[in-house]
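Here is the structure we will look at.
Note: hydrogens, waters and symmetry copies are ignored here, and every other heavy atom, side chains too, is used. We're numbering straight along the sequence, starting at 1. Each ligand, and each atom within it, is numbered from 1 in the order the structure gives.
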Amino acid sequence: MSVRLFIPRDAAALAVGADDVAAALAEAARAAGVEAEIVRTGSRGMLWLEPLVEVEHDGIRYGYGPVELSDIGELVAAGLLTDKVIWHGKALGPVEQIGFFKRQTRLTFARCGVIDPLSLDGYRAHGGYKGLERALSMQPLEIVDEVTRSGLRGRGGAGFPTGIKWRTVHDAQADRKYIVCNADEGDSGTFADRMIMEGDPFVLVEGMTIAGLAVGATKGFIYVRSEYPHAMAALTSAIAIARDAGLLGVRIAGSARAFDIEVRKGAGAYVCGEETSLLESLEGKRGIVRAKPPLPAHKGLFGRPTVINNVLSLAAVPFILAEGAKAYFDYGVGRSRGTMPIQLAGNIRQGGLFETAFGITLGELVDQIGVGTATGRPVRAVQVGGPLGAYFPRALFDTPFDYEAFAAKDGLIGHAGVVVFDDTVDMARQARFAFEFCAAESCGKCTPCRIGSTRGREVMDRVIAGETGKAASLELVADLCNTMKFGSLCALGGFTPYPVLSALTHFPEDFRRAPRLAEAAE
Ligand SMILES: Cc1cc2nc3c(=O)[nH]c(=O)nc-3n(C[C@H](O)[C@H](O)[C@H](O)COP(=O)(O)O)c2cc1C
Ligand code: SF4
């Protein structure tokens with residue numbers, strides 16, 4: 001008898017014992033004389049179910065999770081390694097019928113959790129490299145136009161139209177141009193870049209190759225944060241496999257076009273995710289923000305025209321080229337087109353990766369998809385868009401996930417990290433944390449950010465300690481925020497006011513409380 005199992009090797013699954021579970025199941029199969037093929041995949045993104053074990057029957061994959069080592073004896077005794085679908089406390093039924101998964105529209109993450117991430121055959125069998133094939137039959141400007149018409153906007157935070165950025169680099173005259181992939185993924189509660197790099201690295205390799213063809217770049221770099229060793233390993237292997245298969249190198253896919261990619265490790269500064277700081281770091285210097293202009297599209301890496309895009313922006317490109325701009329544009333609302341891989345994190349019962357068309361409301365995401373808090377207490381606040389994003393109260397849960405709708409509520413989508421807090425959160429402390437984070441991560445180049453963040457933290461300390469003159473202190477916070485917002489060189493200083501002011505606006509009662517006695521005594 002033979003059986004086919006799928007177990008993720010994604011870092012989130014490894015962290016909760018996926019390797020041990022895979023080894024124990026392999027051993028159990030050996031002992032039972034069963035021929036078991038264990039395919040190590042990326043994650044399906046239902047993180048509360050990891051390690052998720054899937055068993056294939058008649059082409060349908062049945063899930064069991066979260067599987068602990070102590071479950072394995074029982075699962076095997078119940079017939080997990082036979083050709084029958086078994087029922088057990090950990091049985092989830094067909095994985096793709098699980099509500100969290102079924103409600104998604106997986107365009108970018110279509111293969112993640114499905115295939116062996118390093119199987120080029122698996123990638124091709126699920127539509128991979130069709131986009132590149134089509135791009136190779138097009139003129140560079142046609143590729144740029146296709147991306148422009150898809151409506152794709154940068155998924156790294158700023159939401160800038162990808163096609164316009166590519167057009168600028170396409171039009172620039174230079175002896176060399178570069179594609180730089182921003183895989184620094186520093187936002188709190190975000191992991192989509194990591195998941196796709198670990199779970200489907202070829203999609204990024206293909207997306208970057210198409211970008212190279214479009215703008216006339218022959219070299220790409222992926223700047224990966226040092227905390228992502230599994231992503232780095234997956235990318236390095238995928239690049240070597242693509243090179244061996246002639247899909248990277250001097251004549252990609254037998255064409256006259258050249259493109260190759262190198263992986264570079266960042267050193268762990270949040271500001272190195274900011275594109276110009278990233279370029280400095282990539283050039284071997286300290287990560288300090290460059291003044292703009294010149295834009296990286298004119299003068300970027302080593303002074304050459306450079307496309308800098310987030311992992312998810314580049315990973316959306318193969319679908320757009322393979323299926324056409326309209327197929328992507330048809331999803332979404334207003335000027336927010338296509339799908340967004342949203343990451344549900346923090347105090348949430350069902351956390352994970354949820355890819356969906358723009359337009360779903362924040363309330364649907366938190367209450368229906370995430371099913372409220374893990375603690376079971378009421379949801380009080382949700383921070384969207386990383387440490388520089390605004391806090392949303394329940395009263396704003398009808399806000400649709402859409403760049404403009406969030407901006408209209410003084411918020412931002414950013415990299416689509418959604419971090420949930422229950423009613424025990426102290427929003428004055430969260431406001432203090434925003435200043436503290438900015439002070440710790442500031443590159444120090446401009447005064448409003450470098451000094452303003454430290455002054456802000458000090459004032460918040462006084463507010464929290466309940467010192468007299470609270471109204472004047474809060475006025476000073478608002479004033480500082482104004483200076484940082486309009487006087488900072490980059491969004492680290494410029495957007496720190498968003499979490500601070502949203503906390504103050506939506507949760508004013510937390511700023512008016514009596515002094516925290518225990519803390520005051522510290
Ligand atoms: C402080 C700061 C940190 C940032 N961190 C990231 C990051 O980790 N990943 C990312 O893709 N973009 C990050 N960005 C945005 C980048 O500067 C840039 O807009 C983005 O890489 C462009 O790619 P996109 O157009 O595909 O989004 C950051 C910006 C700032 C100001
Ligand atoms: S805002 Fe902060 S991080 Fe950005 S350039 Fe100024 S000091 Fe550096």
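Any N or O atom pair closer than 3.5 Å counts here, and Tyr270 shares no such pair with ligand 1. At under 3.5 Å, not a single nitrogen or oxygen of Asp184, backbone or side chain, sits near a nitrogen or oxygen of ligand 1. Residue-to-ligand polar distances keep Cys490 apart from ligand 1: every N/O pair is separated by 3.5 Å or more. Any N or O atom pair closer than 3.5 Å counts here, and Ser313 shares at least one such pair with ligand 1. The shortest N/O to N/O separation between Glu185 and ligand 1 falls below 3.5 Å. In terms of N/O distances under 3.5 Å, ligand 1 is approached by Gly186.
Side chain of Lys177 to main chain of His170: a donor-acceptor pair is present (N/O by atom type, distance under 3.5 Å, no hydrogens or angles). At distances below 3.5 Å, at least one donor-acceptor pair connects side-chain atoms of Glu185 with backbone N or O atoms of Ala192. Asn182 places a side-chain N or O within 3.5 Å of a backbone atom of Gly273 that can act as its donor or acceptor partner. Under a 3.5 Å cut-off, the side chain of Glu206 and the backbone N or O of Pro318 do not form any donor-acceptor pair.
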Evaluate salt bridge (Lys or Arg N to Asp or Glu O under 4.0 Å) for Arg304 paired with Asp175, printing each intermediate quantity in order. CA-CA 8 Å; Arg304 303 302 202 292; Asp175 58 343; 2.7 Å; yes

For Glu404 and Arg153, what are the C-alpha separation, side-chain angles and deciding distance, and is it a salt bridge (Lys or Arg N to Asp or Glu O under 4.0 Å)? CA-CA 12 Å; Glu404 279 65 42; Arg153 290 165 72 176; 3.2 Å; yes

Given side-chain hydrogen bond (donor to acceptor under 3.5 Å, both in side chains), test Tyr331 with Thr105 step by step and report yes or no. CA-CA 9 Å; Tyr331 293 101; Thr105 303; 5.5 Å; no

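Numbered from 1 in the order shown, with element, the atoms of ligand 2 that lie under 4.0 Å from a heavy atom of Val271 read 3 (S). Heavy-atom proximity to Arg155, at under 4.0 Å, picks out these atoms of ligand 1: 26 (O), 27 (O). Those atoms of ligand 1 with a heavy atom of Ile308 less than 4.0 angstrom away are 22 (C), 23 (O). For ligand 1, the atoms lying closer than 4.0 Å to a non-hydrogen atom of Leu492 are 1 (C), 31 (C). Numbered from 1 in the order shown, with element, the atoms of ligand 1 that lie under 4.0 Å from a heavy atom of Lys165 read 22 (C), 23 (O), 24 (P), 25 (O). The Ser488 neighbourhood of ligand 2 comprises atoms 1 (S), with distances under 4.0 Å to a heavy atom of that residue. Counting the atoms of ligand 2 from 1 in the order shown, those under 4.0 Å from a heavy atom of Ser442 are 2 (Fe), 7 (S). Residue Lys445 has at least one heavy-atom neighbour below 4.0 Å for each of these atoms of ligand 2: 7 (S), 8 (Fe). Atoms of ligand 2 lying under 4.0 Å from at least one heavy atom of Gly444, given by number and element, are 7 (S), 8 (Fe). Residue Leu492 approaches ligand 2 through these ligand atoms, each under 4.0 Å from one of its heavy atoms: 3 (S). Taking a cut-off of under 4.0 Å to the non-hydrogen atoms of Gly493, the atoms of ligand 2 that pass are 1 (S).
The nearest heavy-atom contact from the protein to atom 10 (C) of ligand 1 is Asn182 ND2, 3.1 Å. From the protein, the heavy atom lying nearest to atom 4 (Fe) of ligand 2 is Cys490 SG, 2.4 Å. At the top of the distance list for atom 8 (Fe) of ligand 2, counting protein heavy atoms only, stands Cys443 SG, 2.4 Å. Of all protein heavy atoms, the one closest to atom 27 (O) of ligand 1 is Gly156 N, 2.7 Å. At the shortest separation from atom 11 (O) of ligand 1 among protein heavy atoms lies Asn310 ND2, 2.8 Å. Regarding atom 6 (Fe) of ligand 2, its nearest protein heavy-atom neighbour is Cys446 SG, 2.2 Å. For atom 16 (C) of ligand 1, the closest non-hydrogen atom of the protein is Gly273 O, 3.5 Å. Scanning all protein heavy atoms for the shortest distance to atom 19 (O) of ligand 1 gives Glu275 OE1, 3.9 Å. Nearest to atom 29 (C) of ligand 1 among the protein's heavy atoms is Glu274 CA, 3.7 Å.
In summary, the aromatic rings of Phe392 and Phe397 are positioned with their centroids too far apart to meet the 6.0 Å limit.
The existence of a salt bridge linking Lys130 and Glu133 is excluded, since no basic side-chain nitrogen approaches an acidic carboxylate oxygen closer than 4.0 Å. At a threshold of 4.0 Å, the pair Arg380-Asp426 does not count as salt-bridged, since none of the basic side-chain nitrogens sits closer than that to a carboxylate oxygen. We find that Glu280 and Lys285 are joined by a salt bridge, their nearest charged nitrogen and carboxylate oxygen being less than 4.0 Å apart. For the pair Arg290 and Glu283, the salt-bridge criterion is met [side-chain N within less than 4.0 Å of a carboxylate O]. Using a cut-off of 4.0 Å between Lys/Arg side-chain N and Asp/Glu carboxylate O, Asp10 and Arg194 are scored as salt-bridged.
In terms of heavy-atom proximity, Val459 sits nearest to Ser473 at CG1-O, 3.4 Å. The nearest pair of heavy atoms linking Ala357 to Gly332 is CB-N, 3.8 Å.
For the pair Phe259/Ile179, a side-chain contact is recorded, criterion being any heavy-atom separation below 4.5 Å from C-beta on.
Not one N, O or S atom of Cys449 sits under 2.8 Å from atom 4 (Fe) of ligand 2.
The shell of residues lying under 4.0 angstrom from ligand 1, judged by heavy atoms, excludes Arg153.
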